[in-house]
There are 2 protein chains.
Amino acid sequence: MSGRAADGSGDPAAFPRNDSRTFANDGDALRFCSTCAFSQACLAEGMDKSGLADLHMLVEHIGPFREGEHIFREGDPFEAIAAVRAGTVKTYIVDRDGREHVLGFHLPGEVIGLNAIDGDHYPCNAVALDTVMLCRFSFPRISVLATQLPGLQRHLFRLMSRDISRAALHAGDWSADQRMAAFLIGLSRRLAARGFSPTRFQLTMARTDIANYLRLAPETVSRVLRRFQRDGLLQVDRRELELTDPPRLQALAAPVLRS
Amino acid sequence: MSGRAADGSGDPAAFPRNDSRTFANDGDALRFCSTCAFSQACLAEGMDKSGLADLHMLVEHIGPFREGEHIFREGDPFEAIAAVRAGTVKTYIVDRDGREHVLGFHLPGEVIGLNAIDGDHYPCNAVALDTVMLCRFSFPRISVLATQLPGLQRHLFRLMSRDISRAALHAGDWSADQRMAAFLIGLSRRLAARGFSPTRFQLTMARTDIANYLRLAPETVSRVLRRFQRDGLLQVDRRELELTDPPRLQALAAPVLRS
DNA sequence: CGTACTATTGAGTAGTATCAAAGCGTGTGG
DNA sequence: CCACACGCTTTGATACTACTCAATAGTACG
């Protein structure tokens, strides 16, 4: 469990608000825009169409962030949450011994920064694992909007509640095999929910990142994956992954995921 | 790590809304009422005095719950969150192997049920570890109120954000000693924040509960406590505890608590 | 083609869990 | 009031999971 902060050299200021990477709110940007998912969810919570317009006025599309580039760092002043539009974001902290603890991986459609609301500063780092596009929501502004749009407020409450439960599950006491299976099945489901293949996908994170997330040693991650492959549960080549026996993996993961 | 659901025999319906245990909103009840803490926090967030009245209209004082009595159970329909006014509440789940996983202990002034907002049903059980009094807030009603009182909304956001961070810390990868020290220092600080002694207090939970919370075996909890005592960090007799060397305990807990 | 980094593999070990049994407190019934 | 029984806690001995250390292998990049 070594783990060192992957430092993407000199990044610009954290979570830039208006820089060259911000681009217009054009149709092309909206096509894969998770704001839509965000908006959809708010509509599902009862928000009306006019709210949609207000919400879209609020959002800023930022990116691309390149691999290794930080979106925000621990201690940066908190101003905004963001929905991932494309790519994968890793959030992590580094303890005083230099060990990295990965808090989570955030896929398209998922929201980062919710753990920063209590406090003026981000309590963790967020880094792009590949090319990342974001929808940025100023938190003061989206809060105000949430008082006017109950559907939006409800969606935010739900997102945060979900994160509490997810973190609690992740805190549970499980074997290396169970945690790895739960991690893979979790990825699979989240990708499937966004229209990606649930059985063939890329691990956008390094083995070390997986290890630091699952609180395992990198060597253990390697060994578990290899054993899973020997047992016919999956095929793994470098970062390319295919789940060849999802049912058995799910059975392993079931106690962790409670499903 | 055995852990079995402590079942307090036949409880009445979950989270009763109006029963014999509900009592009037009189001065005596309010004296130690965490609604006050809740209200204070909302005022600190900018809520005005009229909001205070609205909030107090909303709250229902329920209890007492006796030791072992359940406040809600996994699967019960979600209708309300609650602030602990007195006593200790344990939240936990039981996995399919019958192992109990303790999600948290909730002291006076703390709020339970926030992880249930996403979903129609409570995702966990809540049980009284001693005599517990609660302030119940109907969630639909407090949501509506939150759209009218930005200070209240802000407070709810903060509470939930804090829970996300807390759960993430708890999920970290630490030694038995570090986890135990962090647990004790955490208790101490939370008690101190409510005006109790930070150095002398009761462990209201069983060793098994502590073990299931810290994902340790009960035997390990015993051994660590005994070693801490041998090393002069604390004095423990049954459930009576005195921290005799808080600085050293804090040093142990520091990487976990990030303080 | 060489270098650097990440991933894999192997051997030995540390830290906790597990199993078994005894101790202690508390409550109960005689 | 005492004897007993039950539950929780403690203690000891042993086992096992996952870590650590060390070395090799494989990839990506210059």
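The model shown is predicted, which means the values in this text are computed figures rather than measured ones. Note that these values count all heavy atoms, side chains included, but never hydrogens, waters or copies made by symmetry. We name chains A, B, ... by the order of the sequence lines, and we start the count at 1 in each one.
- When the P atom of C:dT8 is taken as reference, atom CG of A:Leu225 falls 7 Å away, rounded to whole Å.
- Side-chain rings of A:Phe196 and A:Phe201 stay apart, their centers remaining 6.0 Å or farther from each other.
- Atoms CG (B:Asp237) and P (D:dT9) sit 13 Å apart, rounded to a whole Å.
- With rounding to the nearest 0.5 angstrom, the OG atom of A:Ser165 is 9.5 Å from the CZ atom of A:Arg162.
- Side chains of B:His101 and B:Asp95: a donor-acceptor N/O pair is present below 3.5 angstrom, by distance only.
- Remark: A:Phe78 engages A:Tyr122, A:Phe139 in a ring pair (Phe, Tyr, Trp, His ring centres under 6.0 Å) (not counting sequence neighbours).
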Write down the protein N/O and nucleotide N/O pairs, taken from nucleotides 10-16 of chain C, whose separation is under 3.5 Å; answer none if there are no such pairs.
residue, atom, partner, partner atom, Å
C:dG10, N7, A:Arg223, NH1, 2.9
C:dG10, O6, A:Arg223, NH2, 3.4
C:dT16, OP1, B:Ala176, N, 3.0

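- Scored by the salt bridge (charged side-chain N to carboxylate O under 4.0 Å, His left out) test, A:Asp130 finds no partners at all (sequence neighbours excluded).
- Nucleotide D:dA28 holds its P atom 12 Å from the CD atom of A:Glu67, rounded to whole Å.
- Atom CG of A:Asp173 and atom P of D:dC16 are 18 Å apart (whole Å).
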Between the protein and nucleotides 5-7 of chain C, which nitrogen or oxygen pairs are less than 3.5 angstrom apart?
residue, atom, partner, partner atom, Å
C:dA7, OP1, A:Arg207, N, 3.1
C:dA7, OP2, A:Arg207, N, 3.4

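- Between atom CD1 of residue B:Ile185 and atom CG of residue B:Leu252 there is a gap of 9.0 Å, rounded to the nearest 0.5 Å.
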Give the table of side-chain donor-acceptor pairs shorter than 3.5 Å for residues 235-242 of chain A, with sequence neighbours excluded, one pair per line with atom names and distance.
residue, atom, partner, partner atom, Å
A:Arg239, NH1, A:Thr204, O, 3.3
A:Glu240, OE1, A:Gln202, NE2, 2.8
A:Glu242, OE1, A:Arg200, NH1, 2.8

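- Counting to the nearest Å, the C1' atom of D:dT20 and the CG atom of A:Asp97 are 16 Å from each other.
- Within the structure, salt bridge (charged side-chain N to carboxylate O under 4.0 Å, His left out) contacts touching residues 246-259 of chain B (residues at least two apart or in different chains) are A:Glu74-B:Arg258, B:Asp245-B:Arg248.
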